[in-house]
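Following: one structure in structure tokens, then a few remarks.
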Amino acid sequence: MLSFRVINMRMDLVYTKLLEHYGYQGWWPLVSMKGKKGFDNLGYHPNDYSYPKTRGQMFEIIIGAILTQNTAWKNVEKALINLYTKRVAVPEKIIEMDFTSLATLIRSAGYYNQKTVRLKTIAEWFNSTNFNIPTLSLRKKLLSLKGVGPETADSILLYAFKRPVFVVDAYTLRMFERLGFGKLTYDSAQGIVHKSFKTLSDDDKVKVFNEFHALIVAHAKEHCKKRPMCEQCPLYNLCKMNGKR
DNA sequence: CCCCAGGGAATTC
DNA sequence: GAATTCCATGGG
């Protein structure tokens with residue numbers, strides 16, 4: 001007998017449930033907005049998708065995306081604050097600064113030798129590229145940079161350039177697999193989400209993908225951890241695990 | 001496809 | 001206080 005599983009997950013329902021439970025996440029947090037009125041002191045801006053507003057904020061998101069590779073955001077924040085304190089959070093300074101000084105400033109973000117190279121590479125790219133090209137072309141250019149893989153490229157596309165691209169990460173794969181999708185790859189997981197929201201306008205996709213990714217991170221930290229905490233899980237009724245294990 | 005190095009800091013033992 | 005955990009990317 002043929003055994004198969006059909007999953008017809010309402011991805012919009014997953015999104016809605018997460019949003020109801022965790023609320024607006026306010027990504028991408030901008031350290032440079034610290035203390036500005038109307039925002040809390042971490043630079044979050046819940047349910048306001050109008051950022052980045054300046055080229056400087058755009059660049060902050062890009063270097064943040066590099067620095068947060070394989071690293072908790074808290075450690076990245078320290079590195080970003082160091083860069084702002086020393087007034088070098090701009091592409092020109094990143095490019096001309098000597099290797100060791102830059103590496104020292106970003107030490108808290110880990111992998112500082114690799115990330116120093118990557119920051120210099122992307123700063124050069126940022127200052128010599130016309131971003132006004134189709135999303136897929138821009139994505140290819142980003143992926144061609146050494147140290148920029150799919151997650152970093154898509155984070156930059158979505159959060160810095162406001163392109164309608166969903167960001168997949170390890171949390172996304174873990175959560176989707178538990179929900180009942182089979183083994184997933186980066187591209188298959190992204191495809192599922194893109195397909196699920198294909199009727200939205202590009203502007204709405206940017207908002208939903210922004211929030212959805214941030215909500216998945218929140219959910220993976222609170223409930224869908226490596227060792228899952230299924231009690232009180234907002235997705236309990238949708239999930240294939242359904243509390244087991 | 002798998003495995004490992006890269007690094008610091010939070011979490012858990 | 002020491003061991004374990006977290007995790008993107010690239011290269012073998």
Side-chain angles (χ1 to χ4, degrees), chain A residues 22 25 27-29 31 42 59-86 89 94 97 99-126 138-161 163 165-178 181-191 193 209-210 212-231 245:
Chain A
Y22 298 104
Q25 299 297 302
W27 281 35
W28 185 282
V31 168
L42 291 173
F59 187 65
E60 180 186 326
I61 293 172
I62 289 171
I63 58 179
I66 296 285
L67 291 173
T68 200
Q69 290 170 348
N70 212 31
T71 304
W73 182 251
K74 195 88 193 225
N75 306 327
V76 175
E77 221 166 55
K78 291 176 195 164
L80 288 174
I81 288 167
N82 284 341
L83 294 175
Y84 275 110
T85 305
K86 301 284 187 203
I94 298 290
M97 204 174 181
F99 189 98
T100 310
S101 311
L102 181 53
T104 304
L105 292 178
I106 65 169
R107 184 178 150 276
S108 67
Y111 307 97
Y112 47 82
N113 288 316
Q114 302 176 63
K115 286 177 180 176
T116 298
V117 177
R118 292 174 188 185
L119 287 186
K120 284 177 168 290
T121 302
I122 208 142
E124 292 269 11
W125 178 82
F126 186 76
L138 197 53
R139 189 175 196 267
K140 272 193 180 151
K141 286 196 174 191
L142 282 163
L143 288 174
S144 75
L145 304 176
K146 200 162 155 186
V148 178
E151 182 179 340
T152 306
D154 290 343
S155 294
I156 291 170
L157 288 170
L158 177 62
Y159 291 103
F161 296 122
R163 302 300 181 103
V165 175
F166 179 70
V167 179
V168 175
D169 62 4
Y171 297 142
T172 311
L173 296 177
R174 182 167 79 204
M175 180 185 138
F176 283 10
E177 279 163 24
R178 284 176 180 166
F181 297 93
K183 260 293 175 195
L184 295 173
T185 63
Y186 189 98
D187 291 339
S188 65
Q190 187 179 53
V193 175
F209 294 166
N210 174 323
F212 199 7
H213 175 68
L215 286 166
I216 287 169
V217 172
H219 182 57
K221 290 183 170 173
E222 283 233 10
H223 287 285
C224 212
K225 308 186 197 186
K226 194 141 200 174
R227 209 187 98 221
M229 311 282 286
C230 299
E231 307 80 17
R245 199 146 67 98

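Residue numbers begin at 1 in each chain, while the letters A, B, ... track the order of the sequences. Because only heavy atoms are used, hydrogens play no part in the values below, and waters and symmetry mates are left out as well, while side chains stay in.
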Which donor-acceptor pairs under 3.5 Å do the side chains of residues 138-146 of chain A make with protein atoms, sequence neighbours left out?
from: A/R139; atom 1: NE; to: A/D154; atom 2: OD1; distance (Å): 2.7
from: A/R139; atom 1: NH2; to: A/D154; atom 2: OD1; distance (Å): 3.4
from: A/R139; atom 1: NH2; to: A/D154; atom 2: OD2; distance (Å): 3.0
from: A/S144; atom 1: OG; to: A/K141; atom 2: O; distance (Å): 2.7

Ring pair (Phe, Tyr, Trp, His ring centres under 6.0 Å) involving [X] - partner list, sequence neighbours excluded:
X	value
A/Y22	A/H219
A/F176	A/F181
A/Y111	none
A/F59	A/F126

Which class fits the ring pair A/W28 and A/Y159: parallel under 30°, tilted 30 to 60°, perpendicular over 60°?
-> tilted
Specify whether A/F166 and A/F212 have parallel, tilted or perpendicular ring planes, treating 30° as the upper limit for parallel and 60° as the lower limit for perpendicular.
-> tilted
Rounding to a whole Å, what distance do you find between [X]:[atom1] and [N]:[atom2]?
X	N	atom1	atom2	value
A/K221	B/dT11	NZ	P	10 Å
A/Q69	C/dC6	CD	P	19 Å
A/R118	C/dT9	CZ	P	8 Å
A/L119	B/dG6	CG	P	19 Å
A/R227	B/dT12	CZ	P	9 Å
A/M229	B/dT12	CE	C1'	13 Å
A/K115	B/dG6	NZ	C1'	9 Å
A/D187	C/dA8	CG	P	15 Å

Any residue meeting side-chain hydrogen bond (donor to acceptor under 3.5 Å, both in side chains) with [X], in chain and number order, not counting sequence neighbours:
X	answer
A/D169	A/T172
A/Q114	A/R118
A/T116	none
A/S108	none

Can you sort out which residues in residues 139-155 of chain A have a heavy atom within less than 4.0 Å of DNA chain B? Ascending by number, please.
-> none
For DNA chain B, determine which residues of residues 167-176 of chain A have any heavy atom closer than 4.0 angstrom to one of its atoms, and list them numerically.
-> none
With 3.5 Å as the limit, what N/O pairs link the protein to nucleotides 8-10 of chain B?
from: B/dG8; atom 1: OP1; to: A/Y112; atom 2: OH; distance (Å): 2.8
from: B/dA9; atom 1: O3'; to: A/N75; atom 2: OD1; distance (Å): 3.4

